[in-house]
Protein chains: 2
Amino acid sequence: MASATAESLDEETSTIADRVFGQVRQAIVEGEIPAGSKLSEPALAARYGISRGPLREAMRRLESTNLVERRPNLGARVITLSNDELLEIYVIREALEGMAARIAAQRMSDAAIADLKGLLEQHRREVARADWQTYFQKEGDLDFHFRIVQGSGNRRLIDILCNDLYHLARMYRCQFGMKSDRAADALKEHELVADAIAERDGELAEWLMRRHIRASRRAIERRLAGER
Amino acid sequence: MASATAESLDEETSTIADRVFGQVRQAIVEGEIPAGSKLSEPALAARYGISRGPLREAMRRLESTNLVERRPNLGARVITLSNDELLEIYVIREALEGMAARIAAQRMSDAAIADLKGLLEQHRREVARADWQTYFQKEGDLDFHFRIVQGSGNRRLIDILCNDLYHLARMYRCQFGMKSDRAADALKEHELVADAIAERDGELAEWLMRRHIRASRRAIERRLAGER
DNA sequence: ACCGGAATAAGTGTCGACAACTATGGCATC
DNA sequence: GATGCCATAGTTGTCGACACTTATTCCGGT
């Protein structure tokens with residue numbers, strides 16, 4: 001539900017390769033197929049009841065989305081997201097979503113902005129109900145970011161974030177259950193961004209969004225440092 | 001030569017699909033396969049002397065890099081980069097390369113910075129020799145951007161820019177021969193960015209890089225407006 | 001002459017089988 | 001007992017053939 005991608009793969013797509021691409025991606029993201037595990041073509045083909053041809057096409061797409069690593073004649077493995085790579089993603093998100101917020105402040109419709117504020121209202125109630133675990137774990141966070149990116153109207157920007165980076169972020173959350181204490185802070189930062197967009201202040205919206213993502217990255221850095 | 005990608009596909013790669021992926025990509029980028037043309041699987045397979053299996057895998061990769069559009073049961077076509085999509089790419093480059101310049105100012109080695117300055121020195125001589133066509137047409141421009149991005153050390157950032165966006169930029173240049181009169185301006189802007197990086201001023205480097213790419217985008221906007 | 005529909009052709013999607021390469025295990029040798 | 005080599009099994013890479021969908025063409029009807 002929260003994982004609304006640009007394309008709609010959820011239902012029955014016309015080609016098997018596309019459908020199984022989405023299925024394997026979901027299995028990887030949700031941890032059903034553990035990170036770092038080898039992806040045997042015969043095994044996967046049998047699991048999804050298809051031949052190796054379409055499966056290999058799906059693997060090629062997974063390779064392009066950087067969810068699996070493939071080495072010729074050796075096979076494919078699910079990536080193991082190292083700490084550095086995770087932080088790299090946040091750097092890119094800071095740049096890209098900052099720009100998205102700037103443009104969204106110019107281009108988002110009043111109705112979309114109202115919707116966005118409604119979403120934040122709902123999030124505020126959830127946080128107040130003290131079950132703020134849901135805010136992060138149910139990925140309401142990504143929902144917010146998703147709408148801003150959509151609001152930019154830049155198709156390629158939407159594509160990069162929604163089809164690549166967000167899946168990696170979700171994969172990370174499913175692996176290490178997000179027990180962040182940043183829920184309240186993050187919500188407040190979201191509201192600031194939304195306000196800037198509502199006031200059509202692109203410059204401020206970008207600045208706030210970048211600050212927000214940087215803060216998330218720092219929280220992760222702290223957690224990673226504390227774990228060892 | 002200027003098209004040094006992250007992976008080295010130029011030589012003989014172990015798998016056919018990877019090799020023909022690079023070949024078709026080059027053919028598309030350089031205009032050998034015209035934009036908007038249909039890509040028939042049997043025809044391409046015959047042209048490269050391979051079977052349709054590996055070819056389809058290559059097409060899947062081309063689809064992921066957004067160089068071809070594919071619709072189920074209908075086949076694949078080379079994308080036709082509309083004016084809007086071209087401008088969208090510059091927006092993303094502004095965000096991403098700005099961030100790259102910021103990080104490069106922190107992480108680039110002194111030797112790499114010296115190399116960068118040497119490259120600009122060479123470009124200055126070319127521009128002075130009045131054959132400044134070469135500066136843009138021979139893609140010295142992309143060379144500069146390429147080094148900055150490399151200097152960021154962010155692998156995913158490098159991947160997005162070098163394997164997706166730069167090929168699209170090159171494709172655009174091959175289609176509409178770049179007759180820009182911005183060569184001198186662009187070179188000066190490049191030098192300012194390099195100076196900021198040499199002084200390890202990340203904030204300034206990002207600001208200058210964004211301003212530079214925005215100026216390039218505006219030049220294209222003007223050209224597009226003047227053409228109709 | 002124009003329109004609609006069926007037959008045909010072309011192209012995409014899928015499959016099973018063969019070839020090439022890599023990894024694992026056993027055997028002989030030092 | 002350890003090491004290097006060979007055989008074997010398993011996996012990946014590639015191919016050709018078949019099924020199904022889409023486009024084209026030709027024919028008959030109005």
Side-chain angles (χ1 to χ4, degrees), chain A residues 7-25 27-28 32-80, chain B residues 7-25 27-28 32-80:
Chain A
E7 351 153 24
S8 59
L9 300 152
D10 313 287
E11 326 110 38
E12 197 159 323
T13 331
S14 57
T15 125
I16 291 183
D18 291 331
R19 174 172 57 81
V20 74
F21 162 75
Q23 287 176 325
V24 175
R25 178 173 67 179
I28 291 176
E32 192 177 340
I33 300 177
S37 62
K38 189 170 183 322
L39 292 173
S40 162
E41 292 182 6
L44 278 182
R47 167 170 174 174
Y48 293 101
I50 64 174
S51 175
R52 277 181 52 220
L55 184 95
R56 280 175 68 87
E57 295 182 25
M59 301 284 275
R60 275 326 227 285
R61 277 188 75 181
L62 286 171
E63 184 192 4
S64 289
T65 63
N66 292 296
L67 276 172
V68 308
E69 286 170 337
R70 222 176 53 58
R71 278 184 312 181
N73 294 318
L74 282 184
R77 309 188 78 87
V78 179
I79 59 157
T80 61
Chain B
E7 352 152 27
S8 60
L9 301 152
D10 313 289
E11 327 111 38
E12 198 161 322
T13 330
S14 57
T15 122
I16 291 184
D18 291 331
R19 176 173 55 82
V20 73
F21 162 75
Q23 288 177 324
V24 174
R25 178 172 69 178
I28 291 177
E32 192 177 339
I33 300 177
S37 61
K38 190 170 183 320
L39 293 172
S40 161
E41 291 180 7
L44 278 181
R47 167 171 174 173
Y48 293 101
I50 64 173
S51 174
R52 277 181 52 220
L55 184 94
R56 281 175 68 88
E57 294 181 25
M59 300 285 276
R60 276 323 224 288
R61 277 187 76 181
L62 286 171
E63 184 192 4
S64 290
T65 62
N66 291 297
L67 276 172
V68 307
E69 286 172 336
R70 226 177 51 68
R71 280 183 310 180
N73 294 318
L74 282 185
R77 310 187 78 86
V78 180
I79 58 157
T80 61

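The sequence lines fix the lettering, A, B, ..., with proteins before strands; numbering per chain opens at 1.
Of all non-hydrogen atoms in B/A58 and B/V20, the two that sit nearest each other are CB-CG1, 3.6 Å. Contact record, B/A27 with B/R47: CB-NH2, 4.3 Å, taken as the closest heavy-atom pair.
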N/O donor to acceptor pairs below 3.5 angstrom from side-chain atoms of residues 63-75 of chain B, sequence neighbours left out:
unit_1: B/E63; atom_1: OE1; unit_2: B/R60; atom_2: NE; d: 3.4
unit_1: B/E63; atom_1: OE1; unit_2: B/R70; atom_2: NE; d: 3.3
unit_1: B/S64; atom_1: OG; unit_2: B/R60; atom_2: O; d: 3.3
unit_1: B/T65; atom_1: OG1; unit_2: B/L62; atom_2: O; d: 2.9

Give each protein N/O atom lying under 3.5 Å from an N/O atom of nucleotides 10-14 of chain C, with the pair distance.
unit_1: C/dT12; atom_1: OP1; unit_2: B/K38; atom_2: NZ; d: 3.1
unit_1: C/dT12; atom_1: OP2; unit_2: B/E41; atom_2: N; d: 3.2
unit_1: C/dG13; atom_1: OP1; unit_2: B/R70; atom_2: NH1; d: 3.4
unit_1: C/dG13; atom_1: OP1; unit_2: B/N73; atom_2: N; d: 3.1
unit_1: C/dG13; atom_1: OP2; unit_2: B/R56; atom_2: NH1; d: 2.6
unit_1: C/dG13; atom_1: OP2; unit_2: B/R56; atom_2: NH2; d: 3.1
unit_1: C/dG13; atom_1: N7; unit_2: B/R52; atom_2: NH2; d: 2.8
unit_1: C/dG13; atom_1: O6; unit_2: B/R52; atom_2: NH1; d: 3.1
unit_1: C/dT14; atom_1: OP1; unit_2: A/I16; atom_2: N; d: 2.4

Between the protein and nucleotides 6-9 of chain D, which nitrogen or oxygen pairs are less than 3.5 angstrom apart?
none

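Partners of A/S51 by side chain to side chain contact (heavy atoms under 4.5 Å, CB included), not counting sequence neighbours, listed by chain and number: A/P54. For the side chain to side chain contact (heavy atoms under 4.5 Å, CB included) test, residues two or more places apart in sequence or in another chain that qualify with A/S40 are A/P42, A/A43. For the side chain to side chain donor-acceptor pair (under 3.5 Å) test, residues two or more places apart in sequence or in another chain that qualify with A/R52 are A/E41.
Here the CD1 atom belonging to B/I16 is positioned 10.0 Å from the CD atom belonging to B/Q23, to the nearest 0.5 angstrom.
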